[in-house]
Amino acid sequence: PFHTPTQRKALRAMRQIDSNHPRAHTLDRHGPGTTRKQQYRRANQGLTPEGFPRSPQDASRWYNGIYMHDAYIAALKKWKTAHLAGEENQPVTITFDRNIGEGYRKNTNELIKTNKAVFRFNENGDLITAYPKIKATPSNNP
């Protein structure tokens, strides 16, 4: 599914970034190589795309590596700015002007598309995970 040289380059870069920390799992659990079915199973049965049993949780995937890599660059810059300012190590959210991914809320079968992504870094700035942030639909809001 990743035919353009730009896609391959972006995915190679993300694979390298993912390999910088032993707990990183951006591509394995949220990458464009995962399927809707895998995300559905994670949200409803707790089975991660790699086959690990866990508790059900919100599950999402990126549409492509270019979106992932572009957002990573922006998120790392935001993280470094906050880190240099002495702020606590918090997740970084990036908002796009288009949908960048999709997924399922925990215990639902409704596919949700999103234009937001969350990046989590460790205290050294190594990427731990990055995933499209799916939000509750209006019917799920209190």
Side-chain angles (χ1 to χ4, degrees), residues 1-138 140-141:
F2 316 117
H3 301 286
T4 66
T6 306
Q7 273 287 24
R8 286 191 298 269
K9 184 177 178 183
L11 287 169
R12 272 196 309 272
M14 288 308 300
R15 179 66 61 198
Q16 179 60 46
I17 291 162
D18 242 13
S19 72
N20 289 336
H21 194 277
R23 287 190 1 240
H25 59 267
T26 300
L27 287 171
D28 293 340
R29 292 197 185 157
H30 309 288
T34 64
T35 65
R36 283 183 181 170
K37 185 176 180 179
Q38 287 173 317
Q39 299 304 334
Y40 178 84
R41 280 197 313 249
R42 185 170 191 207
N44 289 280
Q45 299 164 4
L47 189 64
T48 69
E50 316 96 313
F52 299 120
R54 303 277 192 266
S55 298
Q57 60 184 281
D58 292 354
S60 61
R61 67 186 203 99
W62 292 86
Y63 287 144
N64 67 57
I66 296 169
Y67 294 165
M68 290 177 75
H69 190 261
D70 288 352
Y72 166 77
I73 299 300
L76 183 60
K77 184 177 179 181
K78 280 178 80 170
W79 181 88
K80 285 180 178 178
T81 299
H83 187 72
L84 289 173
E87 296 177 19
E88 276 187 44
N89 188 14
Q90 295 291 321
V92 175
T93 300
I94 302 293
T95 303
F96 292 78
D97 61 358
R98 64 197 172 281
N99 286 333
I100 51 84
E102 63 189 11
Y104 297 92
R105 300 276 300 161
K106 179 172 108 174
N107 297 320
T108 71
N109 63 359
E110 181 183 0
L111 183 67
I112 299 171
K113 298 176 188 294
T114 184
N115 69 333
K116 294 183 187 231
V118 174
F119 289 76
R120 295 183 188 276
F121 298 91
N122 72 3
E123 61 281 353
N124 298 318
D126 296 322
L127 183 65
I128 303 300
T129 191
Y131 53 90
K133 181 179 181 179
I134 53 175
K135 53 196 173 292
T137 58
N140 292 337
N141 288 336

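From a predicted model like this one, the values you see are computed outputs, not experimental measurements. Residue indices begin at 1 and follow the sequence shown.
Annotation: the span from E102 atom CD to K113 atom NZ amounts to 5.0 Å, rounded to 0.5 Å. For the atom pair N20 CG and L127 CG, the distance stands at 9.0 Å (nearest 0.5 Å). Distance CG/N64 to CD1/I100: 9.0 Å, rounded to 0.5 Å. Taken from CZ in R41 to OG1 in T48, the straight-line distance is 9.5 Å, to the nearest 0.5 Å. The CD1 atom of I128 sits 8.5 Å away from atom OG1 of T26, with the distance rounded to the nearest 0.5 Å.
Between L27 and M14, the shortest heavy-atom contact is CD1-C, 3.9 Å. Closest heavy-atom contact between D18 and D28: OD2-N, 4.5 Å. Closest non-hydrogen pair, Y72 versus I17, comes out as CE2-CD1, 3.3 Å. Between Q39 and R29 the shortest heavy-atom distance is NE2-O, 2.9 Å. Pairing each heavy atom of A43 with each of A59, the nearest pair is N-CB, 4.0 Å. A pairwise comparison of heavy atoms in P56 and Q45 identifies CG-C, 4.0 Å as the closest pair.
Side-chain contact between M68 and P32 is present, with heavy atoms from C-beta onward closer than 4.5 Å. Using a 4.5 Å cut-off on side-chain heavy atoms (C-beta onward), P132 and V118 make no contact.
Counting only N and O atoms by type, the side chains of Y131 and R120 include a donor and acceptor under 3.5 Å apart.
The aromatic rings of H83 and W79 sit parallel, their planes meeting at an angle under 30°, below the 60° perpendicular limit. Note: F96 and W62 have perpendicular aromatic rings, judged against thresholds of 30 and 60 degrees for the angle between ring planes.
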Note to self: For a side chain to side chain contact (heavy atoms under 4.5 Å, CB included) check, start with the C-alpha distance between R42 and Y104, then their side-chain angles and the critical distance, and finish with the verdict.
What the structure shows: CA-CA 9 Å; R42 185 170 191 207; Y104 297 92; over 6 Å; no

Item checked: side chain to side chain contact (heavy atoms under 4.5 Å, CB included) between D97 and N115, intermediate numbers included -> CA-CA 7 Å; D97 61 358; N115 69 333; over 6 Å; no

Checklist line | Test side chain to side chain contact (heavy atoms under 4.5 Å, CB included) applied to Q7 and I66, step by step | finding: CA-CA 6 Å; Q7 273 287 24; I66 296 169; 3.9 Å; yes

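The number of heavy-atom neighbours closer than 6.0 Å to CD of E88, taken from other residues, nucleotides and ligands shown, is 12 or below. Heavy-atom neighbours of R23 CZ from other residues, nucleotides or ligands within 6.0 Å: at or below the threshold of 12.
No donor-acceptor pair under 3.5 Å is formed between the side chain of T114 and the backbone N or O of G101. When atom types are taken as modelled, the side chain of K133 and the backbone of S60 share no donor-acceptor pair closer than 3.5 angstrom. Remark: side-chain polar atoms of R61 are paired, donor with acceptor, to backbone N or O of T34 under 3.5 angstrom. With hydrogens and angles ignored, the 3.5 Å screen pairs no side-chain donor or acceptor of D126 with any backbone N or O of N122.
In this structure, D58 pairs ionically with R105, as a charged nitrogen and a carboxylate oxygen lie closer than 4.0 Å.
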